[in-house]
Structure formats: structure tokens, C-alpha cells
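Since the model is a prediction, treat every value here as computed from it, not as a measurement.
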Amino acid sequence: MTDPFRQPAADSAPIARAEDIPLSRRVAAFAFLMVTDFFYGWSWNTVDVLRPFIKESLGLTLTQAGSMYSAQSAGMLIGAVVLSQLADRFGRRRMLFIVMAGYSLALLAGSAVENYAQVLAQRFVLGLFLGGIFPIVVGIYVGLFAQAVRGKLASLYNGTFNASAVVLGLAIGVVANHDWRLLLVIGGSIPLSLCALCFWLVPDERKFRAFGAVDDEPPPKATKLPIMELFHPHLRRKTLLLAIMFGLNFFGSQAFVGWVTTYLREVRTLDDVTIGSMVAWQFTASIAGGFFWGWCADRFGRRFNALGFLLGSACVVAYVALPAGSSLVMLAGAGYGFMIASSVVWGPWIAELYPPRLRSTAASIFNWGRIISFFAPLITAAVAERFSLATAMLLAAAAFSIAAIIWWSLPETLAHRRTT
């Protein structure tokens with residue numbers, strides 16, 4: 001029996017299909033990607049979870065501490081655009097190793113920063129490598145598995161990210177009071193020691209046809225500048241609408257989630273224990289919602305999940321309209337987390353909307369939306385000062401509703417639900 005992963009001759013077609021790869025190896029590859037995502041989530045969330053410790057240790061002001069997030073987000077945006085194209089051009093497995101090693105080293109470097117300038121630089125570089133994870137990982141697992149299970153896989157992947165936030169939060173009580181830098185060392189050293197395993201566990205997509213590809217489909221070879229292909233006349237409208245939709249998603253999230261604790265404390269005048277409980281319910285519901293909507297996307301189609309954004313918008317309205325002290329407010333918050341989790345299918349859906357050679361570059365469109373989110377705090381704060389915090393939070397309902405309309409206007413990709 002020939003090795004399905006031997007190096008093909010130059011300019012030859014792939015000699016294997018994803019269907020020919022043993023299921024056990026594909027599952028092992030996805031499990032490794034989940035480990036990658038767990039420490040990706042750990043690395044990303046340190047900017048929020050460890051903020052008070054970093055602020056106190058480095059003597060930062062509130063504005064300086066908050067700007068760490070901006071530096072990390074700016075790096076992520078650039079990394080998503082640049083690294084996704086390199087992955088499509090030179091191989092996703094190879095770039096997976098580079099971004100894992102990169103974000104591991106960048107996180108470890110955070111334990112050595114001593115001033116504001118250094119922490120900004122460290123957070124920018126960390127974001128740069130983190131920006132490549134989502135588009136690269138999506139491009140890999142979409143090519144390894146059948147379309148009918150990709151929504152469920154996206155749910156597992158999304159749950160791994162959320163789980164990392166939970167574990168990091170619990171770890172604070174164990175080690176952060178001794179030295180918060182230890183959490184950076186843990187989060188960086190483990191993936192650094194594991195990153196080379198990707199060459200053993202993850203098949204090289206350049207040597208096999210993606211799952212479901214036709215026999216005469218050419219090898220997935222991108223151009224020198226794959227991002228330009230996204231603006232080809234046949235793809236331009238789709239690309240721009242996706243970028244707007246993702247931007248509205250980030251804006252809506254910032255408008256609601258970004259102000260929730262402030263709203264509960266200053267407007268609802270709730271105590272810290274109650275606020276913590278309400279946020280926890282919202283977070284837990286989001287994890288559960290991810291699994292529900294992943295199943296729906298595989299059963300009813302990718303566009304079906306746009307319903308989640310409309311229902312999530314209704315939950316936002318209920319959240320600010322229900323009377324103070326009502327237990328229904330907590331239910332509305334949990335409903336928001338559950339419904340907005342319908343976006344869990346976006347990774348596979350983006351990859352399915354574009355040719356296989358552009359899957360990682362196309363997945364990076366998701367992070368383009370962060371450009372809009374940069375302005376969300378300024379806009380919502382201005383609205384809150386001019387009118388009320390509740391009014392500012394209602395902008396989230398408008399953003400998610402418009403995003404749902406755009407979502408439904410785009411093509412369906414699930415085979416038995418596809419429309420022309």
C-alpha cells in the first residue's frame with residue numbers, strides 16, 4: 001500500500017483524498033487543533049483577566065492598561081491578513097507551527113516586561129501571531145471532514161476557547177496572588193513544547209484533495225497575493241458583505257457585553273455577587289448555544305443560524321426593558337449568550353464560500369470586522385452620555401439585526417440546502 005502523504009511530483013495533482021485518511025488520524029488532528037485553540041484562548045484572555053495584576057505591577061493608569069487590548073487587537077488584525085495569506089501560499093500546517101511557536105514565545109516574553117512601552121510591544125506581537133490561528137485552523141479542519149459535521153466541529157472548537165477562559169479564571173485564585181507572570185509562563189511553555197507535533201498529527205493539505213472535492217479539481221495553489229482574489233468581480237460583493245457583517249457583530253458585542261457589568265452596577269444597582277452570577281449564566285449559555293447552533297447549521301443550513309442574531313437582538317431589548325430586580329433580566333442575558341452563539345458556524349461557512357486554495361485567507365475576513373469594533377466604545381460612550389447607557393446598549397440590537405439580514409442575503413453552502 002502506498003503512503004497517501006508521500007511528497008508528490010512537481011506540478012502533479014494530489015495523490016490522495018481526505019476521505020482516504022483514516023478517521024482516527026483526522027480526529028487526532030482535530031484534537032491537536034483544539035489544544036492549539038485552548039492555549040490561543042488562554043493567551044488572548046490574559047489581556048483582560050490579568051489586567052489588574054499587570055496594571056498594579058507596572059504602575060499603569062487605567063487608560064494605559066486598557067490600551068493593551070487595543071495593541072493586541074491591532075496586531076491580530078494585521079496577523080490575520082498576513083499570516084492567512086502565507087498559509088494559503090506556503091501550507092497551513094507549516095504556518096500552524098510558526099504561529100504556535102510565535103504566540104508561545106510572545107506570551108512568555110510578557111513575563112519579562114517592565115514598563116508600559118514594553119507591554120504594548122509585547123501585546124502587539126502576541127496579537128500578530130494570534131491573528132493567524134483562526135483562519136489557519138479553519139482552513140485545516142474544513143478540508144479534513146465532511147460538510148455535514150463541520151458545524152458540530154466548530155461548536156467543539158468554540159467551546160475549547162471558552163473553556164480556556166474558565167480555566168484561566170480559576171487559575172488566578174491558585175497562582176496569580178503569588179505571581180501573575182506564572183500564568184504567562186504556563187500558557188506559553190506548554191504549546192511551545194507541543195507545536196512540533198503538528199508535523200506528525202496534522203496532514204499536509206497540499207498533498208491531498210479536500211473532503212468532498214471532485215477528482216478533477218486542481219491542487220489548492222493560491223496566487224502570490226491571495227487577498228486580491230477575494231476582490232475578484234465574482235467574489236467582491238460577497239467579501240464586502242461578509243466584512244460588514246462581521247464588523248456589525250463585533251460592534252454589537254462591544255455595545256452590549258462591553259457595558260453589561262457597568263449597566264448592572266450603575267443602572268440596576270446590583271451587588272457584585274449578583275452581577276457575577278448573571279455574567280456566569282450568560283457565559284454558560286453561550287457554550288450551550290454553540291453546540292445547539294452547530295447542530296442546527298449542519299441540519300438546516302448555514303443561513304438558518306441568522307435566526308439566532310434576530311432572537312439575540314430581542315434578548316438585548318428585553319434586557320434593558322424589563323423592570324429592575326426582575327429575575328427575567330438574568331434569563332434575557334442567558335438568552336443573549338445562547339442566541340448570539342449561532343455565529344459558531346461562521347468559520348466553516350466562510351471556508352465553504354470560497355475556493356479551497358483561499359480558505360485561510362477568506363477566514364481572515366472575520367477579523368477585518370475588528371476595524372469597526374475599534375470605534376464601538378467611543379460611539380456607545382457618546383450615546384450613553386447624550387441619552388442613557390440603556391440606549392447605547394440597544395445599538396447592539398440594531399447591529400445584530402442588520403447583520404442577520406446580510407447573513408440571510410448571502411449564499412447557502414450546505415449541499416442539501418443550497419440555493420442558486
Side-chain angles (χ1 to χ4, degrees), residues 44-45 47-49 66 69-70 73 158 161-162 165 244-270 272 274-290 293 305-324 326-344 346 366-367 369-407:
W44 175 265
N45 286 304
V47 75
D48 293 323
V49 176
Y69 179 88
S70 298
S73 296
N158 183 69
F161 179 90
N162 291 330
I244 294 171
M245 184 182 73
F246 298 147
L248 289 169
N249 166 68
F250 282 118
F251 182 93
S253 179
Q254 285 289 317
F256 184 77
V257 178
W259 292 109
V260 159
T261 53
T262 303
Y263 172 76
L264 294 176
R265 177 186 289 271
E266 298 183 3
V267 179
R268 298 283 186 173
T269 63
L270 299 177
D272 291 343
T274 303
I275 292 173
S277 178
M278 294 180 72
V279 172
W281 271 106
Q282 182 177 312
F283 180 80
T284 303
S286 181
I287 296 177
W293 289 107
N305 283 22
L307 176 63
F309 267 32
L310 292 177
L311 295 175
S313 297
C315 290
V316 171
V317 176
Y319 200 89
V320 301
L322 288 168
S326 173
S327 59
L328 292 177
V329 176
M330 180 180 291
L331 183 60
Y336 167 85
F338 187 94
M339 297 304 174
I340 298 302
S342 63
S343 63
V344 70
W346 279 354
F366 175 75
N367 281 310
R370 295 185 184 277
I371 297 175
I372 296 178
S373 73
F374 290 159
F375 301 99
L378 297 176
I379 295 173
T380 54
V383 171
E385 291 176 355
R386 178 66 175 83
F387 300 98
S388 68
L389 192 54
T391 302
M393 293 173 70
L394 285 174
L395 292 177
F400 287 126
S401 296
I402 298 172
I405 295 171
I406 296 175
W407 192 343

[X] and [Y]: which non-hydrogen atoms are nearest, and at how many Å?
X: Ala341; Y: Gly289; result: CB-C, 3.7 Å
X: Ser73; Y: Trp44; result: OG-CH2, 3.7 Å
X: Gly308; Y: Ser342; result: CA-OG, 3.6 Å
X: Ala399; Y: Phe251; result: CB-CD2, 4.0 Å
X: Gly252; Y: Ala396; result: O-CB, 3.3 Å
X: Ala332; Y: Cys315; result: O-CB, 3.6 Å

I'd like to know if the side chain of Ser253 and the backbone of Asn249 have a donor-acceptor N/O pair within less than 3.5 Å.
no

Working to the nearest 0.5 angstrom, can you tell me the gap between [X] [atom1] and [Y] [atom2]?
X: Ser343; Y: Phe366; atom1: OG; atom2: CZ; value: 6.5 Å
X: Leu389; Y: Arg268; atom1: CG; atom2: CZ; value: 11.0 Å
X: Tyr319; Y: Leu264; atom1: OH; atom2: CG; value: 3.5 Å
X: Leu311; Y: Ser401; atom1: CG; atom2: OG; value: 10.0 Å
X: Leu394; Y: Thr380; atom1: CG; atom2: OG1; value: 12.0 Å

The residue among Ile402, Ile340, Ile405, Ile406 that forms side chain to side chain contact (heavy atoms under 4.5 Å, CB included) with Phe309 is Ile340

Working note: Phe256 + Tyr336, criterion side chain to side chain contact (heavy atoms under 4.5 Å, CB included); need CA distance, chi angles, decisive distance, verdict.
CA-CA 10 Å; Phe256 184 77; Tyr336 167 85; 3.6 Å; yes

Between Phe250 and Trp346, is a ring-ring contact (aromatic ring centres under 6.0 Å, His included) present by the stated rule, with each step listed?
CA-CA 13 Å; Phe250 282 118; Trp346 279 354; 8.3 Å; no

Is the closest side-chain heavy-atom distance between Leu331 and Trp281 below 4.5 Å?
no

Taking C-beta and beyond as the side chain, do Phe400 and Leu248 meet within less than 4.5 Å on heavy atoms?
no

